[in-house]
Amino acid sequence: MAAHRAAGRGHLLTEDTVRLETVLVLEQFGVAPGRLAAEVLAPELAGGKLDLVVDPPGGVAVELKYPRDSRTGFSPDTMTFGELLRDFLRVAAVPADDRWVVQLLNDRLARYVINACLRHGLAWPEAVGGTMTLPASALAGLPVTAVRAIGAAAVSGTVSATCAVIEPAGEGLLLYAFRIDQLPAAELVTGVITAGVDASEAAAHTDAAVIAKRSSREGARAEILAAAQAVVSRSGQNAFTMPEVIAEMRRRGTGYAESTIRTMIGAHLCADATGVGTAGYADFTRDGRGRYRFRSSGAVR
């Protein structure tokens with residue numbers, strides 16, 4: 001990106017350029033183009049798409065953002081702020097092996113974002129290794145324009161992330177890369193932060209939805225464990241994949257959505273999952289990319 005700008009192409013750069021440059025760099029590190037997909041539909045996003053996925057559907061999810069100041073001189077910073085935070089919320093909802101948000105911000109906008117986070121009780125990392133947390137309660141207090149920009153991406157829990165990269169991308173431009181923790185399934189209640197909605201009404205909606213989620217989690221766990229046991233018994237292998245378990249559960253007539261099953265396997269049932277609230281049962285452990293195994297002798301507990 002810095003080379004493009006140095007060559008006088010800065011005014012022609014868009015988010016698509018960032019994605020293409022990301023693809024080219026990944027290729028340099030051995031990620032073949034055939035392993036990549038753009039604009040990937042994600043059921044957890046209610047029809048929304050992910051900018052880039054490595055080894056879809058459950059590999060590495062990446063959201064990219066390159067906001068630029070308005071040419072008219074009017075910069076809707078609160079709306080842009082909401083859009084930047086929205087990417088964190090969206091990616092946290094996706095059950096993937098890994099989740100990233102990559103953002104290119106000019107110096108002025110970066111200062112605005114840092115100050116806005118301070119004003120509203122959010123933590124925007126200013127150094128590599130720093131963490132940021134986005135609790136629903138704090139997001140609800142953002143300016144109405146930012147809340148509207150977040151829109152349906154709002155969740156009921158707290159999204160957390162770790163800053164992995166802060167690098168200059170040419171004069172006056174910073175590249176940020178954040179690794180996002182997956183949000184537990186019980187906190188994937190959307191629509192909680194909505195401009196103009198009475199706070200008590202939103203809270204009641206959230207509480208009821210979370211209770212419903214928790215009451216069904218044990219049932220989902222029991223079905224997943226039984227299906228996984230059937231898969232390994234039939235194959236004679238110790239390891240299994242999410243698609244194999246999903247196919248077995250469908251054969252048995254499960255009523256759980258694929259997104260729920262993936263979230264349960266990748267987060268709640270996996271001892272290797274990271275993030276607050278994950279690995280609640282620790283029935284499985286990872287056995288390579290996209291593969292899992294029972295932690296103890298393959299038996300259902």
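Quick caveat, the model's predicted, so the values are computed rather than measured.
- Side-chain atoms of R90 come within 3.5 Å of backbone N or O of K49 as a donor-acceptor pair.
- With hydrogens and angles disregarded, no donor-acceptor distance shorter than 3.5 Å links the side chain of S233 to the backbone of A230.
- In this structure, CG on D87 lies 10.0 Å from CG on L50, to the nearest 0.5 angstrom.
- Here L104 contributes atom CG and L173 contributes atom CG; the two are 5.0 Å apart, rounded to the nearest 0.5 Å.
- In terms of heavy-atom proximity, A239 sits nearest to R293 at CA-CB, 4.3 Å.
- Nearest heavy-atom pair, I166 versus P125, reported as atom, atom and distance to 0.1 Å: CD1-O, 4.2 Å.
- With contacts defined as side-chain heavy-atom distances shorter than 4.5 Å, the pair R262/P243 qualifies.
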Requested in this report: Evaluate the side-chain contact (heavy atoms from CB on, under 4.5 Å) criterion for residues I224 and M249: first the C-alpha distance (whole Å), next the side-chain angles of each, then the deciding distance (0.1 Å), finally the verdict.
Outcome: CA-CA 7 Å; I224 290 169; M249 290 178 68; 3.6 Å; yes
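- Counting heavy atoms from C-beta on, the side chains of C163 and M132 never come closer than 4.5 Å.
- When the side chains of ILVMFWY residues are joined at heavy-atom separations under 4.5 Å, either directly or via intervening members, V159 and V91 end up in a single hydrophobic cluster.
- Between V113 and L85 there is no side-chain heavy-atom pair separated by less than 4.5 Å.
- R179 is linked by a salt bridge (Lys or Arg N to Asp or Glu O under 4.0 Å) to D98, counting only residues two or more places apart in sequence or in another chain.
- L36 has its side chain out of reach of E27: every pair of non-hydrogen atoms, C-beta onward, lies at least 4.5 Å apart.
- Taking all atoms of both residues into account, the shortest heavy-atom contact from R286 to G266 is NH2-O, 3.9 Å.
- A 4.5 Å side-chain heavy-atom check between L105 and P67 finds at least one atom pair inside the cut-off.
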Query raised in the report: So N238 and D287, side-chain contact (heavy atoms from CB on, under 4.5 Å) or not? Walk me through it.
Result: CA-CA 9 Å; N238 290 327; D287 187 55; over 6 Å; no
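- Clustering ILVMFWY residues whenever any of their side-chain heavy atoms sit less than 4.5 angstrom apart, transitively, puts V53 in a cluster other than the one holding V31.
- Counting only heavy atoms from C-beta outward, the side chains of F81 and L142 approach each other to under 4.5 Å.
- With hydrophobic clusters built from ILVMFWY side chains whose heavy atoms lie under 4.5 angstrom apart, I261 shares a cluster with F240.
- When every heavy atom of E126 is checked against every heavy atom of I114, the shortest pair comes out as OE2-CG2, 3.7 Å.
- The residues R19 and E15 are annotated as not salt-bridged, no charged nitrogen and carboxylate oxygen being separated by less than 4.0 angstrom.
- Summarising the geometry, atom CD belonging to E83 is positioned 5.5 Å from atom NZ belonging to K65; distances are rounded to the nearest 0.5 Å.
- When all heavy atoms of D181 and A161 are compared, the closest pair comes out as OD2-N, 4.4 Å.
- Ring centroids of W124 and F178 are separated by less than 6.0 Å, placing the two rings close together.
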Report task. Just do the side-chain contact (heavy atoms from CB on, under 4.5 Å) check on R99 and V60 with the steps written out, would you? Result -> CA-CA 6 Å; R99 292 156 300 279; V60 181; over 6 Å; no
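- V62 and L174 fall into different hydrophobic clusters, defined by Ile, Leu, Val, Met, Phe, Trp and Tyr side-chain heavy atoms under 4.5 Å apart, directly or through other members.
- Counting heavy atoms from C-beta outward, T78 and Y112 have side chains that approach closer than 4.5 Å.
- Between the E63 side chain and the V101 main chain, no donor and acceptor come within less than 3.5 Å of each other.
- Under the 4.5 Å side-chain heavy-atom criterion for Ile, Leu, Val, Met, Phe, Trp and Tyr, F294 and M242 are members of the same hydrophobic cluster.
- When atom types are taken as modelled, the side chain of Q103 and the backbone of L84 share a donor-acceptor pair closer than 3.5 angstrom.
- Counting heavy atoms from C-beta outward, F284 and L225 have side chains that approach closer than 4.5 Å.
- Here CG of L13 is found 5.0 Å from OH of Y66. Values are rounded to the nearest 0.5 Å.
- To the nearest 0.5 Å, atom CG of residue L134 and atom NE2 of residue H120 are 13.0 Å apart.
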Report task. Walk me through it: do E171 and R5 pass the test salt bridge (charged side-chain N to carboxylate O under 4.0 Å, His left out)? Result -> CA-CA 9 Å; E171 185 178 355; R5 298 175 76 222; over 6 Å; no
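- The two residues V94 and A61 have their closest heavy-atom pair at CG1-CB, 4.5 Å.
- With rounding to the nearest 0.5 Å, the separation of CG in D77 from OG1 in T145 is 11.0 Å.
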